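Sequence lines set the chain letters: A, B, ... in the order given, protein chains first and strands last, and positions in each chain run from 1. These numbers were taken from a predicted model, which means no experiment stands behind them.
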Amino acid sequence: MKDVKAKMRENLKEITVSALKKAIDEGAVNLAGIPDFTIEVPQAEAHGDFAANVAMLAAREAKMPPRKIAEIIKDRMEIAGTGIEKVEVAGPGFINFHLSPTWAHGVIPIILSEKENYGRQDIGKGKKVQVEFVSANPTGPMHMGNARGAALGDALASVLEMAGYDVTREFYINDAGNQIENFGLSLEARYLELLGYESQIPEGGYHGEDIKDHMRELIEKEGDRFLSVDPAERRAYFIEYALKKNIERMKKDLADFGVHFDVWFSERSLHESGKVEEVIRILTERGYTYEKDGALWFKATEFGVPKDEVLVRQNGMPTYFAADIAYHKDKFDRGFDWVIDIWGADHHGHVPRMKGALAALGYDPEKLTIIIMQLVRLYRNGQIARMSKRTGRAVTLADLVDEVGKDAARFFFNLRGADTHLDFDLDLAVKQSEENPVYYVQYAHARIASILRQAAEQKVAVPEVEDVPPAEMERLLSKLTCEAEIDLIKKLADFPDVIRVAASTLSPYRIANYTLELASAFHSFYNVCRVLTSDKDLTTARLLLVKAVQQVLQNCFRILGISAPERM
RNA sequence: GCGCCCGUAGCUCAGCAGGAUAGAGCAACGGACUUCUAAUCCGUAGGUCAGAGGUUCGAUUCCUCUCGGGCGCGCCA
């Protein structure tokens, strides 16, 4: 893994450690060991390119003021031939490293040869991880919350892939249970109603227009023949019919949103294969259940949950929770080393009991990470638009793609962390689409594409990295010395770090933020430095630079699921 | 009542998993296109990081409490 920044950090750490060791050996500083310090990038440019905080951490044990320790370390540093131009002690005791301005230039050939793999990490070490997200109710169209989950989950999965995990994207279809019963009753009511019979949608049923559409379509195809069919039987048929349509629709809407799942997992299959029953039996055998009021309960309180939970209802039907336990057991039985669920904030209360159930089954609850995503509050015409499926007037994911566009919507959702409460003003999103930040980053890509087109027209070649000897490459890139160029190159060198942090904190929004920063550095560069000039070497160097920028932008866009336009 | 999330510029949010003088975008104001796309750039202004304690050499970041907002606490999913 080639990472100029990480390598530099390592070098600086080694230099600092050996200087400190020397100081200890000489008795200049009294320490038993080397503190676990970091080499970080200071905020202010005046503080150099990197800084070590070791002196502050050592101060207490050494019983010396940090600045003095820093001076002692600094005096013993061997910096000849390291690219370090100056070492300074500053502030409370930082050791600041000022490097030669070209220290990061080597990142350009690395990007151009690694291409879409630039930034890839190996922290996952090929571990099998499953990301389960969206898992929307198949009883109707997907809403804004599902859209957020889709954008977040897909980007997270991509980030983990970049970090070296073997990722499976999975959608859990809740095609069983009470809601499906209600779905059937609602379909049936609409069916009867459409044929002129009096009928009522039940309590907790679905009032959406889509329910009516399903039945209208069915009547066109099959007429009124279900009037004489046994109600339970015809409801089963309606459910089968409408579920299939809904799931196909969800697949299509998600595909239009740029999200593709590896596995669509049916809840019903867990019931049919006996896995729900099996998991209940195991819990019982392990002594974690008891009967009360005609129901079977899970002793959740033994795992720090406020109250016990029902597994099997009085009527003999297993609860959603029971199926969910079976589902999670199945996930681990399929060999995943790590399971990540993305749930809406309205489900956060179920986290402890799910983990408790896993512990009861003998699995390590630490291997399940549940990301709680705060809900989306949707504004339209200046007021809150309800998202409930039952009102039938929700803004759907498909509407969002139509009105705002896939790229803008996905970028917008991934601009914020999962735990921010998100107000989405649809009118504003549409109205401001011209000023949407997504255009800012895409424009950077399009501008570069335009430069490369111009270069091709002028028969200016951009050399392939493989064809340029390292010494020649170094000579060419040494032409890149103005501030905008240096800043841009450093930004490129940040990318592996960004992947690392985004993956280890499960925060794909960091990619979106970084993309904005990179685009900003590019736009600034563009306004100051002309790429196609009469200076041949400078032109070549800048072409290599912008090509590298374009590559990194593409790598970001791929993670975020947005397109990389050649023209805008 | 109990639990989880949030509170940073007028608005929407960052703040690199404790670091130095808290940053962007939008909105406001002033500049920059005979030159690779002005969907851009440069500058000005804007702050009691909700409040109070604590841990630390150092807190926007970690802990406790208070206030304010959101969401949960079903034999629904």
Side-chain angles (χ1 to χ4, degrees), chain A residues 38 40-44 46-47 51 53 55-57 59-60 65-66 90-94 96 135 137 139 174 176-180 182 204 267 293-297 306-307 309-315 317-321 323-324 344-352 372-375 377 415-423 425 428 432-440 442-444 446-455 457-458 484 494 497-498 500-502 504-505 507 509-510 513-514 516-517 519-520 522-533 539 542 546 567-568:
Chain A
T38 55
E40 54 203 55
V41 179
Q43 269 184 28
H47 296 141
N53 61 352
M56 280 104 78
L57 296 173
R60 172 178 286 226
F94 286 104
N96 292 340
S135 297
N137 249 311
T139 51
N174 301 129
N178 249 331
Q179 56 168 6
I180 293 298
N182 283 330
E267 177 184 355
D293 305 330
L296 188 72
W297 297 71
K307 56 188 250 333
E309 302 283 346
V310 173
L311 292 173
V312 182
R313 302 186 188 105
Q314 224 172 18
N315 64 9
M317 298 291 290
T319 58
Y320 171 84
F321 179 46
D324 217 15
D346 52 340
H347 288 68
H348 75 253
H350 307 147
V351 174
I372 294 302
M373 184 187 70
Q374 296 303 310
L375 301 176
R377 201 164 42 175
L415 226 33
R416 293 147 169 76
D419 50 15
T420 59
H421 300 271
L422 186 55
D423 288 348
D425 186 328
L428 207 67
Q432 286 194 338
S433 63
E434 295 270 313
E435 290 165 21
N436 194 298
V438 75
Y439 293 95
Y440 184 84
Q442 289 181 321
Y443 185 48
R447 269 183 152 176
I448 293 169
S450 175
I451 294 170
L452 296 174
R453 276 194 303 271
Q454 293 275 334
E457 270 171 37
Q458 295 173 23
D494 280 342
D497 261 0
V498 173
R500 197 158 30 234
V501 175
S504 46
T505 59
S507 315
Y509 74 88
R510 288 181 191 278
N513 270 306
Y514 169 78
L516 282 172
E517 287 173 17
S520 168
F522 169 75
H523 286 310
S524 296
F525 157 84
Y526 183 91
N527 273 271
V528 177
C529 303
R530 207 187 145 75
V531 175
L532 302 172
T533 66
T539 299
R542 286 184 175 164
V546 298
R567 292 169 208 275
M568 283 175 78

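B/rC65 and B/rA24 have their P atoms separated by 36 Å, given to the nearest Å. One C1' atom belongs to B/rU55, the other to B/rC41, and the distance between them is 45 Å to the nearest Å.
Side-chain N/O atoms of A/Gln179 include none lying less than 4.0 angstrom from OP1 or OP2 on B/rA77. Phosphate contact (OP1/OP2 of B/rC57, side-chain N/O of A/Arg60, threshold under 4.0 Å): present. Between A/Arg313 and B/rA77 there is a side-chain polar atom (N or O) within less than 4.0 angstrom of OP1 or OP2. One finds a side-chain N or O of A/Asn178 lying less than 4.0 angstrom from the OP1 or OP2 phosphate oxygen of B/rC76. Residue A/Tyr439 has no polar side-chain atom (N or O) positioned under 4.0 Å from OP1 or OP2 of B/rA39. At the phosphate of B/rG15, OP1 or OP2 sits under 4.0 Å from a side-chain N or O atom of A/Tyr509. When the side-chain nitrogen and oxygen atoms of A/Tyr526 are compared with OP1 and OP2 of B/rA38, one or more of them lie within a distance under 4.0 Å. For the OP1/OP2 pair of B/rU40 and a distance below 4.0 Å, the side-chain nitrogens and oxygens of A/Ser524 include no atom meeting the criterion. Contact check, A/Arg510 against B/rG15: a side-chain N or O comes under 4.0 Å of OP1 or OP2.
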Seminar exercise, completed: Here RNA chain B, pairs taken as Watson-Crick or G-U under 3.5 Å and shown with ( ), [ ] when crossing and | when to another strand, reads (((((((..((((.....[...)))).(((((.......))))).....(((((..]....))))))))))))....
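Using cut-offs of 30° and 60° for the angle between ring planes, the A/Phe522 and A/Tyr526 rings count as tilted.
For the pair A/Tyr440 and B/rA39, the ring geometry does not qualify as stacking, because the centroid separation below 5.5 Å and plane angle under 30° are not jointly satisfied.
Taking the side chain of A/Ala51 as heavy atoms from C-beta on, and the options B/rU40, B/rA77, B/rA20, the nearest nucleotide is B/rA20.
Residue contacts for A/Ala446: at a heavy-atom cut-off of 4.0 Å it reaches a base atom on one of the strands shown. The residue A/Asp293 sits close to a base: some heavy atom pair falls under 4.0 Å. Residue A/Glu309 is out of contact with every strand shown, counting any heavy-atom pair closer than 4.0 Å. No engagement by A/Leu311 is indicated, since no non-hydrogen atom pair under 4.0 Å with the nucleic acid exists.
A donor and an acceptor atom, one from each side chain of A/Asp293 and A/Gln314, are nowhere located under 3.5 Å apart.
The aromatic ring centroids of A/His523 and A/Tyr443 lie less than 6.0 Å from each other.
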Check nucleotides 5-11 of chain B for protein N or O atoms closer than 3.5 Å to its own N or O atoms and list the pairs.
from	atom 1	to	atom 2	distance (Å)
B/rC5	O2'	A/Gln374	NE2	3.4
B/rC5	O2'	A/Asp419	O	3.0
B/rC5	O2	A/His421	NE2	2.9
B/rC6	OP1	A/Asp419	OD2	3.3

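Residue A/Met317 qualifies as open at atom CE: its count of foreign heavy atoms under 6.0 Å is 12 or below.
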